[in-house]
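Convention: sequence-line order gives letters A, B, ...; per-chain numbering from 1.
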Amino acid sequence: MEETGLRSAIPMEQLTDSQRKAVFHVDGPLLVLAGPGSGKTRVITTRIAALINSGIRPHNICAITFTNKAAEEMRERVAAFGAAGGVHISTFHSLCVRILRRYADGAGVKPNFSIYDEREQLGCMKEAIKACQIDTTNFAPARMLAGVSSLKNDLETPESVAEYADDYFTKNLARIYASYQKILENNNALDFDDLLVRTAFLLRDRPEIRIELSNRFRYLLVDEYQDTNHAQYQIAKGLALEHGNICATGDPDQSIYGWRGADIGNILAFENDWPNALVVRLQENFRSTPNILELADILISINMKRKQKALIPTRERGADVVIASYSDEKAEAEAIAGQVSRFAEQGGNLNEIAVFYRVNSMSRVIEEAFVQRQIPYQIVRGLEFYSRKEIRDMLGYLKLAVNPADDVAFMRAVNTHPRGIGKTTLDRVGVYASGKGVSLCEAAGQAGGIDSVGKGAQAKLIGFADMIEGFRKDVNGPVAPLMERIFTESGLVAHLESTGEKGDTAIENIGELINAATFYDENAESPSLLDYLQMVSLYSDTDAYDSEAPKVSLMTLHAAKGLEFENVFIVGLEDGLLPHERSRDSEDELEEERRLFFVGITRAKDNLHISYARERIFRGQYLRTVPSEFLYEVGYSPYAAEDDLEDDEFDESFSQVDTESELGGRKFRIGELVGHPKFGIGRVVEFHNMGASSIVVVRFNSGKTKTLMVRYARLSRIGAE
DNA sequence: GTGAATCATCTTTTT
DNA sequence: GATGATTCAC
């Protein structure tokens with residue numbers, strides 16, 4: 001490393017005092033509490049450069065990011081300082097894969113383990129529940145999977161759960177958990193959570209390995225610390241235990257992954273964990289205009305479980321935040337598309353625009369409006385490419401070649417296209433395999449000994465097993481050529497070629513996959529199919545987002561974390577959507593939804609446009625919506641605004657929210673949503689029908705419960721029946 | 001053994 | 001309204 005070059009690469013004079021402190025505090029624990037737009041990313045990358053500058057080898061530095069995309073960006077920035085190679089920058093999950101492969105024995109895994117995605121996990125879970133002879137109506141696979149996941153994030157094992165389980169549900173969950181683990185183990189597979197659990201246990205149980213790792217990673221940086229779960233927390237702590245050189249950065253106000261086991265407590269406990277920690281607060285905001293920050297501040301201040309914290313603007317005042325309502329979600333999308341078009345006509349770069357929404361399915365209307373106006377856009381979404389059938393088929397062959405114990409991959413591969421091996425045959429192979437205690441692939445190879453299977457099917461099974469065996473020989477070379485080979489030899493191309501247009505796009509997609517593999521082969525240190533597969537399993541389409549491309553970015557509020565845009569649209573500010581209805585029952589979850597909105601707001605640099613639709617299509621039909629309570633909280637009164645709709649060019653037929661006169665018999669049902677001019681939105685808890693003096697008890701979203709005289713309370717009925 | 005047709009279920013956010 | 005599981009006809 002050329003020291004002078006590096007030194008001059010750090011623009012120290014541009015750093016604030018707090019930033020400088022965070023950058024140059026080299027040894028010992030450091031906590032950077034960084035508000036949105038405080039230049040945190042820059043501080044981290046500059047800090048890495050400063051560490052190297054002070055004589056620490058890049059090889060001894062490990063930075064952990066929340067997403068692969070963030071890792072990639074950090075690599076680029078560090079590379080710009082001239083310190084590219086050597087520094088380990090990855091997510092927790094990728095780091096764990098590397099550790100588990102390196103110390104497979106100590107961790108009790110085989111290095112060629114498969115990593116199961118959500119779909120595969122679900123399949124195993126269904127099997128696990130069946131094996132326990134438990135009815136799936138009360139123990140839905142998806143719910144059980146979520147349950148097991150949160151147990152794993154808390155580092156609970158099936159045994160530890162069984163020990164404390166004292167109710168019917170938990171006891172069964174423990175059994176299901178055990179059975180699920182057994183299935184994964186038989187398949188030589190780990191799920192996402194296992195990667196963390198195994199690593200955490202490895203660090204806990206094998207101090208000599210832990211110390212070896214501390215020598216390797218002598219400086220640890222963990223970004224987005226507020227979103228670490230217990231397992232990740234233990235891993236970070238374990239890695240830093242020896243030397244205490246841990247730098248954690250984050251912002252409790254931006255914690256939006258509580259549902260995934262993330263614990264804000266981790267960041268709040270940092271100072272207890274590391275008593276000699278230096279705490280640096282970055283409160284200045286260099287990103288957004290005061291107009292935007294004031295709104296963000298009002299909103300986040302409503303959260304009760306929070307340390308009060310300032311959001312200090314540094315920029316000049318700019319444009320006011322716009323809060324708009326539209327007649328329905330199509331009008332909302334068209335209005336945005338219209339504004340984007342005008343922006344583009346005036347020569348604006350579309351990569352300065354983003355649209356955020358709460359749930360992925362909301363992207364569709366926006367897309368349609370953009371397509372209509374021919375506006376280029378990119379969707380930053382979790383699933384897309386790798387969930388396509390043909391891609392999963394190819395990956396099935398590949399996974400099977402690396403890990404023949406993987407029965408899920410076997411079933412996937414064997415069923416890619418008709419090859420004369422049908423359901424009945426596979427059932428019989430399954431019986432044989434479990435009887436002998438071998439994998440399906442192995443059983444297929446021994447098909448000659450399965451008497452229940454006919455001669456013709458036996459030959460086909462053996463042929464299939466031989467083919468896979470042939471692929472296995474090339475597992476250690478580059479990936480792309482093997483993919484090509486599998487594609488033709490498996491007969492998949494021939495099959496797709498014969499299926500017309502659909503087959504053609506499938507072939508193109510696989511071509512795309514092979515291209516990506518070629519890129520991998522050229523860039524990986526030592527390419528192998530195993531490494532490729534384990535990386536690909538952790539890669540999501542979110543990571544394919546291109547911030548340079550002149551396209552509007554569409555993404556969920558969750559995906560927006562860590563990004564910034566000149567112009568931001570946040571859509572669907574409606575009750576049940578943001579806050580999401582599944583967050584309705586707990587105050588903690590409501591606060592998390594509020595933080596989510598806060599994250600969205602603080603992504604905007606110059607212009608922020610927040611909107612809601614008064615009607616939205618849901619399950620095929622239009623339903624009246626209720627404006628989000630968050631809008632009231634930031635001082636906006638939707639109903640007043642809706643009275644004066646002249647400015648709303650997209651509104652043709654707006655009708656005011658149901659008024660008293662429309663309430664008919666003025667009877668309310670328990671659970672019904674009502675609006676009150678002063679108390680806001682609430683649900684009817686009790687209704688006593690006493691004619692003209694009927695009484696209604698309403699629990700408002702503010703948490704207050706009020707008993708009201710129907711005659712006097714100006715209650716409006718909201719939402720459609 | 002295969003493919004089409006029907007029925008049922010469920011619908012947050014992500015590594 | 002989309003996806004998956006099951007059933008039915010060939």
Per-pair distances, 0.1 Å, donor-acceptor, side chain in residues 450-463 of chain A, under 3.5 Å, sequence neighbours excluded:
unit_1, atom_1, unit_2, atom_2, d
A:Gln458, NE2, A:Ala447, O, 3.4
A:Gln458, NE2, A:Ile450, O, 3.0
A:Gln458, NE2, A:Val453, O, 3.1

> For DNA chain B, what residues of residues 229-236 of chain A have any heavy atom nearer than 4.0 Å?
Replying inline: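 Correct list: empty, so none.
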> Under a 4.0 Å heavy-atom cut-off, which of residues 250-260 of chain A touch DNA chain B?
Replying inline: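 Under 4.0 Å from DNA chain B: A:Tyr257, A:Trp259, A:Arg260.
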Partner residues of [X] under the side chain to side chain contact (heavy atoms under 4.5 Å, CB included) criterion, sequence neighbours left out:
X: A:Met74; result: A:Ile44, A:Thr45, A:Ile48, A:Ala63, A:Thr65, A:Val78, A:Ile89
X: A:Thr41; result: A:Arg77
X: A:Val365; result: A:Glu329, A:Lys330, A:Ala333

Separation of [Y] [atom2] from [X] [atom1] (nearest 0.5 Å):
X: A:Asn112; Y: A:Asn188; atom1: CG; atom2: CG; result: 5.0 Å
X: A:Ser255; Y: A:Ile264; atom1: OG; atom2: CD1; result: 4.0 Å
X: A:Leu529; Y: A:Gln534; atom1: CG; atom2: CD; result: 10.0 Å

Below 4.0 Å: OP1/OP2 of [N] and any side-chain N or O of [X]:
X: A:Asn68; N: B:dT14; value: no
X: A:Thr556; N: B:dT14; value: yes
X: A:Ser361; N: B:dT12; value: no
X: A:Thr424; N: B:dG1; value: yes
X: A:Arg143; N: B:dC10; value: no

>> Using only modelled atom types and a 3.5 angstrom limit, is any donor from either the side chain of A:Arg582 or the base of B:dT13 paired with an acceptor on the other?
In response: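 Answer no: no donor N or O sits under 3.5 Å from an acceptor.
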>> For the base of B:dT15 and the side-chain ring of A:His93, does the geometry meet a stacking cutoff of under 5.5 Å between centres and under 30° between planes?
In response: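 Answer is no, no stack.
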Between [N] atom [atom2] and [X] atom [atom1], what is the distance in whole Å?
X: A:Phe66; N: B:dT14; atom1: CZ; atom2: P; result: 10 Å
X: A:Glu589; N: B:dT12; atom1: CD; atom2: P; result: 13 Å
X: A:Phe356; N: B:dT14; atom1: CZ; atom2: P; result: 13 Å
X: A:Ile617; N: C:dG1; atom1: CD1; atom2: P; result: 8 Å
X: A:Glu581; N: B:dT12; atom1: CD; atom2: P; result: 9 Å
X: A:Leu577; N: B:dT12; atom1: CG; atom2: C1'; result: 10 Å
X: A:Glu592; N: B:dT13; atom1: CD; atom2: C1'; result: 9 Å
X: A:Leu195; N: B:dT14; atom1: CG; atom2: P; result: 19 Å

When you compare the protein's N or O atoms with those of nucleotides 4-6 of chain C, which come within less than 3.5 Å of each other, and at what distance?
unit_1, atom_1, unit_2, atom_2, d
C:dG4, OP1, A:Arg119, NH2, 2.5
C:dA5, OP1, A:Lys126, NZ, 3.2

For a quick test of your reading: what N or O donor-acceptor pairs under 3.5 Å do the side chains of residues 139-152 of chain A make, sequence neighbours left out?
unit_1, atom_1, unit_2, atom_2, d
A:Ser149, OG, A:Asp193, OD2, 2.8
A:Ser150, OG, A:Gly147, O, 3.3
A:Lys152, NZ, A:Gln181, OE1, 2.7
A:Lys152, NZ, A:Asp191, OD1, 3.3
A:Lys152, NZ, A:Asp191, OD2, 2.7
A:Lys152, NZ, A:Asp194, OD1, 2.8
A:Lys152, NZ, A:Asp194, OD2, 3.3

Sort me out a list of protein N/O and nucleotides 2-7 of chain B N/O pairs below 3.5 Å, or just none if empty.
unit_1, atom_1, unit_2, atom_2, d
B:dT2, OP1, A:Gly420, N, 3.0

>> Under a 3.5 Å cutoff, is there a donor and acceptor pairing between the side chains of A:Asp406 and A:Tyr116?
In response: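 Their side chains do contain a donor-acceptor pair, which is all the 3.5 Å distance test asks for.
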>> Does either side chain, that of A:Asp263 or that of A:Asn229, offer a donor lying less than 3.5 Å from an acceptor on the other one?
In response: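 On atom types as modelled, these side chains do not qualify, holding no pair under 3.5 Å.
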> With sugar-phosphate meaning primed atoms plus P, OP1 and OP2, does A:Thr425 contact a base, only sugar-phosphate, or nothing at under 4.0 Å between heavy atoms?
Replying inline: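 Counting heavy atoms under 4.0 Å across all strands, the contact made by A:Thr425 is with sugar-phosphate only.
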>> So, using salt bridge (charged side-chain N to carboxylate O under 4.0 Å, His left out) as the criterion, who are the partners of A:Glu76 when residues are at least two apart?
In response: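 By the salt bridge (charged side-chain N to carboxylate O under 4.0 Å, His left out) rule, A:Glu76 matches no residue at all.
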>> Run the salt bridge (charged side-chain N to carboxylate O under 4.0 Å, His left out) test against A:Asp504 and tell me which residues pass, sequence neighbours left out.
In response: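 For A:Asp504, no residue satisfies salt bridge (charged side-chain N to carboxylate O under 4.0 Å, His left out) once neighbours in sequence are set aside.
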>> So that I can tick it off, tell me whether A:Lys305 and A:Glu591 are bridged by a salt bridge, with the cut-off set at under 4.0 angstrom between side-chain N and carboxylate O.
In response: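 A:Lys305 and A:Glu591: not salt-bridged.
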> Quick one: on DNA chain B, does A:His580 or A:Ala457 contact a more 5' nucleotide (nearest heavy atom)?
Replying inline: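 In this pair, the answer is A:Ala457.
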> How do A:Val359 and A:Ser94 order along DNA chain B: which one's closest nucleotide is nearer the 5' end?
Replying inline: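 The answer here is A:Val359.
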> Looking at the side chain of A:Ala559, which of B:dT15, C:dA2, B:dT14 is the nearest nucleotide?
Replying inline: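 Looking only at heavy atoms from C-beta outward on A:Ala559, the closest nucleotide is B:dT14.
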> So, for A:Phe464 and A:Phe410, is the gap between ring centers shorter than 6.0 Å?
Replying inline: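 Yes, close enough.
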> Which residues pass the ring pair (Phe, Tyr, Trp, His ring centres under 6.0 Å) test with A:Phe66, sequence neighbours left out?
Replying inline: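 Here the qualifying residues are A:Tyr257.
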